[in-house]
Colleague: 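Sharing a structure here in structure tokens format.
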Amino acid sequence: MSQAVPTSPPKLRPNESFLGQALRRFRRHKLAQAGLVVLILLALMAIFAPALTPYTFDGQDPALLGQPTPPSLKHPMGTDQLGRDNATRILYGARVSLLVGLSSALVATLLGTLIGALSGFYGGWIDTALMRFTDMVLSIPVLPLVIALSGFLRPSLGLLVLIIGGLGWMSTARLVRSQFLSLRSREYVEASRALGGSNARIMFRHILPNALGPIVVSTTLAVGGAILLESALSFFGLGVQPPTPTWGNLLNGSSDWLETAPWLAAFPGLFILITVLSVNFLGDGLRDALDPRL
Amino acid sequence: MNFPLYLARRILSSIPLLLGVSILLYGVLHLAPGGPLDVYADNPSVSPEALKNLERELGLDQPVPVQYLRWLGALLRGEWGYSIRSGRPVGLDISERIGPTLILGGSAFTLALLVALPLGILSALRRYSALDYSFTFLSFLGISMPIFWLALMLQALFAVRLHLLPSAGLETIGDGSFLDRLRHLILPACILAVANIASWGRFVRSSMLDVLGLDYIRTARAKGLSERVVVYRHALRNALVPVITIIALDFAGILSGAVVTETIFAWPGMGRLFIEAMNGRDYPVLMALLMIGSLALIATNVLTDLVYSLVDPRIRYE
Amino acid sequence: MGLAMRLKPFAAPLLGLFILLGGMVSAQDRGGTLTVALGYDLDTLDPYASGFLTDVQSTFLEPLVYPDENAKFQPALAVEVPTLANKGIRITDNGKKMIVTYKLRPGVKWADGEPVTSADVKFTWEAIKDPKYLGPEKDGTEEIERIETPDPLTAVIYYKQIFSGFKSALFSYGILPKHVLEGKDLNKDPFWDKPFGAGPFRVTEFKRGQYVIVERNPNYWRKDAAGNQLPYIDRIIFKIIPNTNTTVTQLKSGEVNFAYNIPFTLAPSIDNVPGLKVINAKTLAFRHLTFNFKNEFLKDLNVRKAFAYGVDRDSINKALGGYLKPLNTFVVSSFDFASNAVPIYKYDPAKAKAALKEAGFNPGPDGIMVKDGKRLSLKFMTQAGRAEYELAQQVIIAQMKAVGVELIPDNKSGAALSDARRKGGYDVWYSGWITPADPIDSYVSFYTTKGFNNGSGYSNATVDSFLEKASQTLDPSLVTLYMARVQNQVLSDLATLPLFEAPQIIAVTEKLQNFKPNPTNQTNFRNTSDWWLKK
């Protein structure tokens, strides 16, 4: 057991041209490609935010305190009532919002995959126990519980991600479990088992790659859901705390100015919309590409 | 096996589920810092002795497992306890809020159904038409929109700018006629319905497309049956079977979505009560509301299975 | 000069108009409905159990005495406010105890027509004091030894000690009707669904989560100068609207015509609504920073001084719309004993940095001060979801960053906030208090070692002893003397950094006459019987 597992490429892919086919199907999906491009642009924007703006996200211009200012050459999206450059806050907000979206979706996927894999692979009482637990969590109204937890714990960014992810893994778990159930008796799995492959190896080397398609799709869609959830929490003042900007709390902070300075609400709302829209287009395209049965 | 037995078994099997949910929720809620009496401490004239006294009276000085068992015991006897905020029986507090939430949720549900079904079917029948593309795009827009943003925008537009609709509330106080209530209902119900119109419509469309591609539909067409008969008698019925599951399960989701909508539109339902109870750490009310939410989820689940089995004769009860 | 000149031509016709109007309004119009936006989801109409201020309750319960628009006490059910001078207060037992005598107004009736007597006063005390009664607002009950009622119009209250805050506690919330409530379980009695008292209105409907309707009490005792029965208004509807954006929307659409505690950030958006008057009313509320003495950095006075010099009140005020008034002590200017002789800390970033240097800090690589390898980084709490506080917090964060102090926001709401506040779950805390018209007991709870609102761990023997003395004297000149010592000490120690006096923004329909905002925590609805709506 102390021997390192050789990092051989997975040889037992059922269909070598699967990726090629998927790519071909994805290319047909124009909206998904557009979504991908937009998301890449947004991610680049977020990563290189400091290089893209002369301002800092919490830098206040004392001369502009007290009133939001409309978009101008100097401030293309205007400033907020503390004299901070709105475009800069949106750029930096992209960092947090995309991070929360991505990492919550990843947490949910990891949890769901783990639980689903264990359940589907081992079956028996492990399956029963895990699935009952999944049923239980599925029977809890998620949005109210997330709101209650955020209200009680006033979570940090990390905890927020854990809460959102920790209550969003159930459908992935079910999905992965059903994939495992149908795959575990396939010949190549039996073959690996006969060759003395460890359970973990069989699970993650041989079965999991075949279930990747649907997992990728559900993760992608979960990113959008998590971004929207963060913005809903911000609406109740329970999301990430200012001055750290997120699109959600920028939107919430703008609600007092809806009449007097509508651009404050328009930009973060637009960015959330565009991002989630792109994520959903991408998810749709990925579904067509990776999981043609659905 | 027969239907009543199946039903009984499904209901029985939800009992341990509910019990598990209750332990989970109770634990999560009570392990969070801060207690229900802290709201009073905002007021400098509330004495610490009074708080101690209150704590003892409400049993909040007991360990959490003891509190849980007491709560469960009382629940089984049909007592939901007393709200810490209002001092009234929890059942009474909630019963006043259930009506408005069901009206709002029910209207949103019906509205979403009435819009999503025909749109989904039409878009499937006219695949790749302008209608299909615009519906697809709009529905993507619908599921990608932060709901409270849309709500605030529409509120500002219809109530303040155009003076067409009341901005919030259940009714004009002192009016309360059907028409008046309807006018109050329009904005919140539409907002609540948006996301569901989008997702159900997409689902109907794809389900319809799946069925239309099946052999028996081609056969039916080949036999020379009119398009109307093919679509509405053969395809639609079968396409709706999977749709039912999604739609029924979403009903409970609509109820939790009401948390946001009810707050914006000052709608006196359970969602608002939930937010108030959360801010006041009113555990008895919070627990009751979350349990009702769970019960609704589980019940819709059972119901869905039943309806499913009625619609689709291929499914048998084991 | 030029402006005055140019205004002149208008002055004469305007004056005429005023006289004309004055002549027209001398007879107050009767009737009408006022629709008030209530900014919270009212829990119960029992004022002693509610977690909120007693806005609605003030319209149907009549107190013995109450603080008016100048925070001065006025008699209501009592004929006069008891003082030492009018022998309403007598000191006994060598200055250790006191007896307060209230003479009740004859002929006053409950809304159901029964007479109000001294037995009701005694009942109110007994009912609230009863340990079985769970309402937490029992302030002022324990200090009373016994109440005697020699005749139906005289209540003699024997206090165990000198209790200077007696007017703000208990009897200023309202007297309860004994003939209805005696022997009932006050915690759960359905009386609270449609309660009444001896106030100008009585509750006719309480739809939880929606509204409370109060209607004219035909038996109300007060009459106007012309002998007309008060109140003038028929009905007040309190509409429950917890979302302030929705409140503003409803003000604009005319669905409500009275709203108070409007956030400063929303005030500009109602400035020019036709038919609406925006009032900027002085209150007893103040904003402050409080420091946690249990924090290893903050227990050093120099670090607290860095805040005192590093925070620029003017910028914060500008950011919040300019409604606030800078404050140098924790006693607001409405009180006579507000001291001018406290240490003044003027905004001076250089002094702030110098103080930190004095404390042994040096600038670190990221600009944040460092001492013994530890960065000067502190948890900064305020009420989550309250836009005004969160904005002020962000300005303070930026200002303190400029002098090398990092503040990490750690905001809380509801019960979690009060928990952190009382147990000191913060390093620095930005908040507001609104005190009663007798604020000494509030100060005791904020600043004394054992004060139950003191979570900061601040403890000073001088403050403790002089606040105790101040709370146990009825002599205003002594209160001024003692409080000067307390203010000086608290400000020298920088237990708290007072920042602003805060007004409340109230929007009312232009038709509403005779409305006088109330600055205390006793709400704006104390003098509703005088209000009237121009037809």
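The sequence lines fix the lettering, A, B, ..., with proteins before strands; numbering per chain opens at 1. Side-chain atoms are counted along with the backbone in the values below, which use heavy atoms only and exclude waters and symmetry mates.
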Colleague: For A:F281, is it the side chain, the backbone, both or neither that has a heavy atom under 4.5 Å from a heavy atom of chain B?
Modeller: both
Colleague: Does the plane of the ring in B:F109 sit parallel, tilted or perpendicular to the ring in B:F251? Use 30° and 60° as the thresholds.
Modeller: perpendicular
Colleague: Please classify the contact between B:I298 and chain A as side chain, backbone, both or neither, with a heavy-atom cut-off of under 4.5 Å.
Modeller: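 Side chain only.
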Colleague: In terms of heavy-atom pairs under 4.5 Å, which option from B:L286, B:I275, B:I147 contacts chain A the most?
Modeller: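 So the answer, after comparing B:L286, B:I275, B:I147, is B:I275.
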Colleague: Using heavy-atom distances under 4.5 Å, tell me whether B:L290 contacts chain A through its side chain, its backbone, both, or neither.
Modeller: both
Colleague: Using a heavy-atom distance cut-off of less than 4.5 Å, which residues of residues 263-271 of chain A contact chain B?
Modeller: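 Expected list: A:A265, A:A266, A:G269, A:L270.
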Colleague: Is there a side-chain hydrogen bond (donor to acceptor under 3.5 Å, both in side chains) between B:Y68 and B:S22 once you walk through the steps?
Modeller: CA-CA 9 Å; B:Y68 171 74; B:S22 75; 2.7 Å; yes
Colleague: Heavy-atom pairs under 4.5 Å with chain B are the metric here; pick the option from A:I147, A:D135, A:N252 that has the most.
Modeller: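 Between A:I147, A:D135, A:N252, the count favours A:I147.
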Colleague: Look at A:V142, A:I140, A:V279, A:I272 and state which one has the largest set of heavy-atom pairs under 4.5 Å with chain B.
Modeller: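 Among the listed options, the one with the most contacts to chain B is A:I140.
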Colleague: Which value, rounded to the nearest 0.5 Å, describes the distance between B:L150 atom CG and B:M153 atom CE?
Modeller: 8.5 Å
Colleague: How many angstroms lie between CE in B:M287 and CD1 in B:I292, if you round to the nearest 0.5 Å?
Modeller: 11.0 Å
Colleague: Checking B:L18 against chain A: side chain, backbone, both or neither under 4.5 Å from a heavy atom?
Modeller: neither
Colleague: With a 4.5 angstrom heavy-atom cut-off, which part of B:F140 approaches chain A: side chain, backbone, both or neither?
Modeller: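 When you check distances to chain A, atoms from both the backbone and side chain of B:F140 fall under 4.5 Å.
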Colleague: Please classify the contact between B:L295 and chain A as side chain, backbone, both or neither, with a heavy-atom cut-off of under 4.5 Å.
Modeller: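 For B:L295, no heavy atom lies under 4.5 Å from chain A.
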Colleague: Is B:T263 close to chain A through its backbone or its side chain, or both, or neither, when contacts mean heavy atoms under 4.5 Å?
Modeller: side chain
Colleague: Heavy-atom distance under 4.5 Å to chain B: side chain of A:I274, backbone, both or neither?
Modeller: neither
Colleague: Using a 3.5 Å distance criterion without hydrogens, assess whether the side chain of A:R177 forms a donor-acceptor pair with backbone atoms of A:G116.
Modeller: no
Colleague: Mind ranking A:S278, A:G248, A:A148, A:G151 by heavy-atom pairs under 4.5 Å with chain B and telling me who comes out on top?
Modeller: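 Of A:S278, A:G248, A:A148, A:G151, A:A148 has the most heavy-atom pairs under 4.5 Å with chain B.
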Colleague: What residues of residues 219-232 of chain A sit under 4.5 Å from chain B when you count only heavy atoms?
Modeller: A:L228, A:S231, A:A232
